Amino acid sequence: MKVDGKDMRPIWFDSVSQTVKVIDQRMLPHKLVVAELRTVDNVIDAIKRMFVRGAPLIGVTGAFGVYNAIVELCQKQKRSRQHKNASDACSKKISAAVSDKDRAYDKACDDYLKRECQRLKDARPTAVNLAWGVNRVLEVALRYEQYDKKLMAVLQEACQIVEEEAENCRLIGEHGLRLIEEISRRKEGKPVNILTHCNAGWLATVEYGTATAPMYTAFDRGVDIHVWVDETRPLNQGARLTAWELGRHGIKHTVITDNAGGHLMQHGMVDIVIVGTDRTTRTGDVANKIGTYLKALAANDNSVPFYVALPSSTFDWSLKDGVKDIPIEERDPDEIRHVQGIDAQGNLISVLVPPQQSGAANHAFDVTPSRLVTGFITERGICEASEESILSLFPEHAGNIG
Ligand code: MRU
């Protein structure tokens, strides 16, 4: 997507520095800062502290984390080779014993790589895309025995995932367009009011976003739309990120408090709700940013269609009961206590809101049961929130139950 006229993604591989670069989303919308992720620790830190966030983007970042792990392994191996060559030269023992030692070292390296991948997967618990991205690239890495081949194959796979996720979001936009166009026709061209929660935009994916993809597509095709943007406490992904994205694209939008949606629905001011998801079970239960469930309840009570947009990488094919089985991240209570913004001088500041000694609880996600979901917008089309309907679009996962 364009930022100040320049094509930009929230993550890319910089072929000059041979490193992974990301937008540091903590600073948006006030500052556009780019961070470099050179090591596995850099990747884990960026995911945990939410330089990068949003399920599909976390998946892609984890995939590049595997690349970083192999780069670090190469560096370790180079250092150990230099050490070995020095001692070989001294003892003049270049023998079969050395190559046996090498083979043993390779096995140890793969074990090390698997451990690093586990650390990456543990960085955040709810979005299933993280494990999906890491596992997919790890599987490729384990096919090769030489480091240079491993490295090339892993980089290629991570870049392939980036392009696939971008294309999936483009397709979600095409399929979701139909829903918005239908409402626009019914309203004889009057603005279609869409409500969204959190940021499921291009910053949370690679391009287009998931929930925002149908909005961008509809806007680009001349459909009159207006978006209600939930501010999304505590980290304000809606007010900071979704509003920034939509504004840059010229889409009319209004930021509202997290509690306003029900009131707007009661007064006919919302035509459709479209949200993203961090993990969706094969039966259609949806984990998404805390507060999504309340929007779904209000939508149900007011007969407002409630759609969830997602690429197939966000389905957890092994789970059936979202409320019981999806792990819900609990984050630092300080995120609740403090609010970040800029002061009159333009300085980024953080201020304390409740009394210093008050406790706070920060459950980052909730689960919306499938019965409250009107349908899913996926890269393969739209389906109902039931196992049968989901599997009719993704029949290859029919037997894939954990
Ligand atoms: O905590 P975050 O900002 O990573 O949460 C993100 C969300 O809940 C998004 O709505 C979800 O990942 C869908 S992103 C396309």
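Whatever order the structure lists them in is the order used to number ligands and atoms, beginning at 1. Along the sequence shown, the residues carry numbers beginning at 1. Quick caveat, the model's predicted, so the values are computed rather than measured. Only this structure's heavy atoms are used, side chains among them; waters, hydrogens and symmetry mates stay out.
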Exercise for review: Quick one: look up the protein heavy atom nearest atom 5 (O) of ligand 1 and list residue, atom name and how far away it is.
Suggested key: Lys289 CE, 3.4 Å
Point to revise | Side chain, backbone, both or neither: Pro56 near ligand 1, heavy atoms under 4.0 Å | key: side chain
Review point. For Val275, is the nearest heavy atom under 4.0 Å from an atom of ligand 1?
Key: no
Point to revise | Lys21 to Phe13 six-membered ring, cation-pi geometry met (6.0 Å, 45°) | key: no
Check your understanding: Do any heavy atoms of Arg124 fall under 4.0 Å from ligand 1?
Key -> yes
**Study point:** Heavy-atom nearest option to atom 14 (S) of ligand 1, drawn from Ala204, Gly276, Ala287
**Key:** Ala204
Point to revise | salt_bridge(Lys190, Asp224) N-O dist < 4.0 Å | key: no
Revision key, fill the gap. Nearest non-hydrogen protein atom to atom 15 (C) of ligand 1, with distance, is Thr210 OG1, 3.1 Å
Practice item. Any atoms of ligand 1 less than 4.0 Å from a non-hydrogen atom of Ala55? List them with their elements. Key: 12 (O), 14 (S)
Check your understanding: Going by the atom numbers of ligand 1, which of them fall below 4.0 Å from some non-hydrogen atom of Thr205?
Key -> 15 (C)
**Study point:** Test: Arg282 cationic atom under 6.0 Å from Phe315 six-membered ring centre, within 45° of axis
**Key:** no
Review point. How about Asn199 and Thr242: does a side-chain donor come under 3.5 Å of a side-chain acceptor?
Key: yes
Exercise for review: Report yes or no: do Asp316 and Ser318 form a side-chain donor-acceptor pair below 3.5 Å?
Suggested key: yes
Check your understanding: Polar-atom distance check: Gln237 versus ligand 1, any N or O pair below 3.5 Å?
Key -> yes
Point to revise | Close side-chain approach of Arg380 to Ser312, heavy-atom, < 4.5 Å | key: no
Revision key, fill the gap. Any heavy atom of Asn199 under 4.0 Å from ligand 1? The part involved is backbone
Point to revise | Short N-O contact, Glu182 and Arg178, less than 4.0 angstrom | key: yes
Point to revise | ligand 1 N/O within reach of Ile58 N/O, cut-off under 3.5 Å | key: no
Review point. In this structure, are over 12 heavy atoms from other groups packed under 6.0 Å from Glu396 atom CD?
Key: yes
Point to revise | Contacts of type salt bridge (Lys or Arg N to Asp or Glu O under 4.0 Å), residue Asp45, not counting sequence neighbours | key: Arg49
Point to revise | Nitrogen or oxygen of Cys198 less than 3.5 angstrom from that of ligand 1 | key: no
Study note, to complete from the structure: The single option from Glu245, Glu207, Arg221, Arg170 that satisfies side chain to side chain donor-acceptor pair (under 3.5 Å) with Tyr216 is Glu245
Revision key, fill the gap. for atom 9 (C) of ligand 1, nearest protein heavy atom and its distance come out as Asn288 OD1, 3.5 Å
Exercise for review: Would you mind listing which atoms of ligand 1 come within a distance below 4.0 Å of any non-hydrogen atom of Met50?
Suggested key: 1 (O), 2 (P), 3 (O)
Study note, to complete from the structure: Closest to atom 7 (C) of ligand 1 among protein heavy atoms sits Asp278 OD1, 3.2 Å
